[in-house]
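A short worksheet on the structure shown next.
Every heavy atom of this structure was used, including side-chain atoms; hydrogens, water molecules and symmetry mates were not.
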Amino acid sequence: MSGDRSRLGGGLLVAGTTSDAGKSVVTAGICRWLARKGVSVAPFKAQNMSLNSFVTRDGAEIGRAQAMQAAAARVEPSALMNPVLLKPGGDRSSQVVLLGKPVGELSARGYHSGRQEALFGTVTECLEELRRTHDAVICEGAGSPAEINLRRTDIVNMGIARAASLPVVVVGDIDRGGVFASFFGTTALLSPEDQRHVAGYVVNKFRGDVTLLEPGLDMLRDLTGRPTLGVLPYAHGLGIDEEDGLSVSMRGAVRESVVAPPHGADVLRVAVAAVPLMSNFTDVDALAAEPGVIVRFVDRPEELADADLVVLPGTRGTVRALAWLRERGLADAVVRRAAEGRPVLGICGGFQMLAERIEDDVESRAGTVDGLGLLPARIRFAAEKTLARPVGAALGEPVEGYEIHHGVADVGGGDEAFLDGCRVGAVWGTHWHGSLESDGFRRAFLRRVAADAGRAFAPAPDTSFGALREEQLDRLGDLIEEHADTDALLRLIEDGVPRGLRFIPPGAP
């Protein structure tokens, strides 16, 4: 297939029977499959709820899943690809990020009571712009399209499918069980108008002999009049930077892809504090990419005892996370580590917790709170969020990263500067996310950590995080190319919603 713009210009919506059914993975896989064929393709998700976000080159904040899907499509991430991002916080509210910029906090009730519908015009305009500038746009839904309590205000599933005349493919996770009932029930709970867009199904995470599944697929087609367009096998390590849940972090994928033993004589153990409202925990994926580095998430002080490096990650609630560390005894354990000269790294909210003092009248509205006092910095939360893509150097190596924070650090010393933060002894702090993806810097940092921890660990000289990520995205493309009906998918993308799709009663109540 060629990238002839006269042939494409359409789109497809990938919906799911549930959250985590595999929508993000299938969307990314379709994007990579098309991109490898020379098609100009872009991902799109109208509304995303996530604490894992990314900053585009022009300073817009979007979900990391859409940034990774853009990488799969081999295009630059843009705010158009995720016009509405919801970042959960305290008190059952979320920060609303519109076209990459925060515009306020809303409760779930407030959002679904009017704000969501008001954003629909913006969402459709963004999708239209992507369709004008790309051969194909592969859209990702959210949750399930059959959430009948939310259908009236839906702007991410059938609402956008109908507005943009998109065919819909529904993904179901067979590993959870009940996939046939889920496909049938999802379709049957949609209104006749919505059902007209549901063009087929994709079975995800199948284990075993596919011929044993085929009688069920035939019966599903007889019942619904819709084909199954792919049976994707269960494959470890295919989760990209998805909306939430540690189980779908890329860190697991990268760690599983590394089969080599430690390059040095010893391993390096990394413990990441699983703080409340943890954000951008994907920062540690690059550590897990290194042969011999063992990464785990912990929530008890005794789990820090054998760790060579403790990471305090980002969080949407710095003051709340700090209180959690103290309640669980983790704060005291971190302070003891610092006194013993054992390595600690704080990233973004983690850096803020290591500071002397936090003044927060924005995020928690807690006023002035004592930090852990391990770094000579004072943090003041500003109303305006810092969104940036900094470039610099540390430990003699070039570093790139991205910043997403309200807290502004006033650093008053330290043993040495460290990106925008500092180091004191074996305690390091920075606001920069993604810095460990810079290979030379990561290796230099790990050498320092190993020396401070007394480990005979040496980073491999040739680990490329970027190459591992590309390898993973190619695996997603292979999954679609080898196990989906790509001719049928292409027809849907080119020709739009098929005619004459059967109505399955009872329909929406």
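With sequence neighbours excluded, no residue forms a side chain to side chain donor-acceptor pair (under 3.5 Å) with Glu125.
The shortest side-chain heavy-atom distance between Tyr201 and Thr187 falls under the 4.5 Å cut-off. Residues Val41 and His134 fail the side-chain proximity criterion, which asks for heavy atoms closer than 4.5 Å. For the pair Ile138/Phe44, no side-chain contact is recorded, criterion being any heavy-atom separation below 4.5 Å from C-beta on. Taking 4.5 Å as the limit, some side-chain heavy atom of Arg320 sits within range of a side-chain heavy atom of Leu277. Residues Val97 and Leu86 fail the side-chain proximity criterion, which asks for heavy atoms closer than 4.5 Å. The shortest distance between side-chain heavy atoms of Phe54 and Arg389 falls below 4.5 Å.
With 3.5 Å as the limit, one finds a donor-acceptor pair spanning the side chains of Tyr402 and Asn280. Gln69 and Lys45 form no side-chain donor-acceptor contact under 3.5 Å, judged by distance and modelled atom types alone. When only modelled atom types and interatomic distance are considered, Glu359 and Thr368 share no side-chain donor-acceptor pair under 3.5 Å. Remark: the Ser24 side chain and the Glu140 side chain contain an N/O donor-acceptor pair separated by less than 3.5 Å. Donor-acceptor pairing under 3.5 Å is lacking for the side chains of Thr282 and Asn52. Checked by atom type, the side-chain pair Gln352/Thr318 shows a donor-acceptor distance below 3.5 Å.
Taking the charged nitrogens against the carboxylate oxygens, Glu470 and Arg32 do have a contact shorter than 4.0 Å, which makes a salt bridge. Taking 4.0 Å as the cut-off between side-chain N and carboxylate O, Asp474 and Arg469 do not count as a salt-bridged pair.
When all heavy atoms of Ala161 and Val168 are compared, the pair lying nearest together is CB-CG2, 3.7 Å. When all heavy atoms of Gly225 and Leu501 are compared, the closest pair comes out as O-CD2, 4.5 Å.
To the nearest 0.5 Å, atom CG of residue Asp360 and atom CG of residue Leu322 are 11.0 Å apart. Atom NZ of Lys101 sits about 9.0 Å away from atom CD of Glu61, to the nearest 0.5 Å. Note that CD of Glu482 is 11.0 Å distant from CG of Leu232, once rounded to the nearest 0.5 Å. Note that CG of Leu419 is 9.0 Å distant from CD of Glu403, once rounded to the nearest 0.5 Å. The CG atom of Asp20 lies 5.5 Å from the CZ atom of Arg176; values are rounded to the nearest 0.5 Å. The distance from atom CG of Asp485 to atom CG of Leu492, rounded to the nearest 0.5 Å, is 9.0 Å.
When the shell of 6.0 Å around CZ of Arg378 is examined, it contains 12 or fewer heavy atoms from other residues, nucleotides or ligands.
His431 and His405 have parallel rings, their planes meeting at less than 30° on a 0 to 90° scale where 60° marks the start of perpendicular.
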* To do: Go through the steps to decide whether Arg151 and Asp194 satisfy the test salt bridge (charged side-chain N to carboxylate O under 4.0 Å, His left out), and finish with yes or no.
  => CA-CA 10 Å; Arg151 176 61 185 91; Asp194 285 350; 2.7 Å; yes
* To do: Assess whether ring-ring contact (aromatic ring centres under 6.0 Å, His included) is satisfied between Phe381 and His406, documenting all intermediate values.
  => CA-CA 5 Å; Phe381 274 67; His406 284 278; 7.1 Å; no
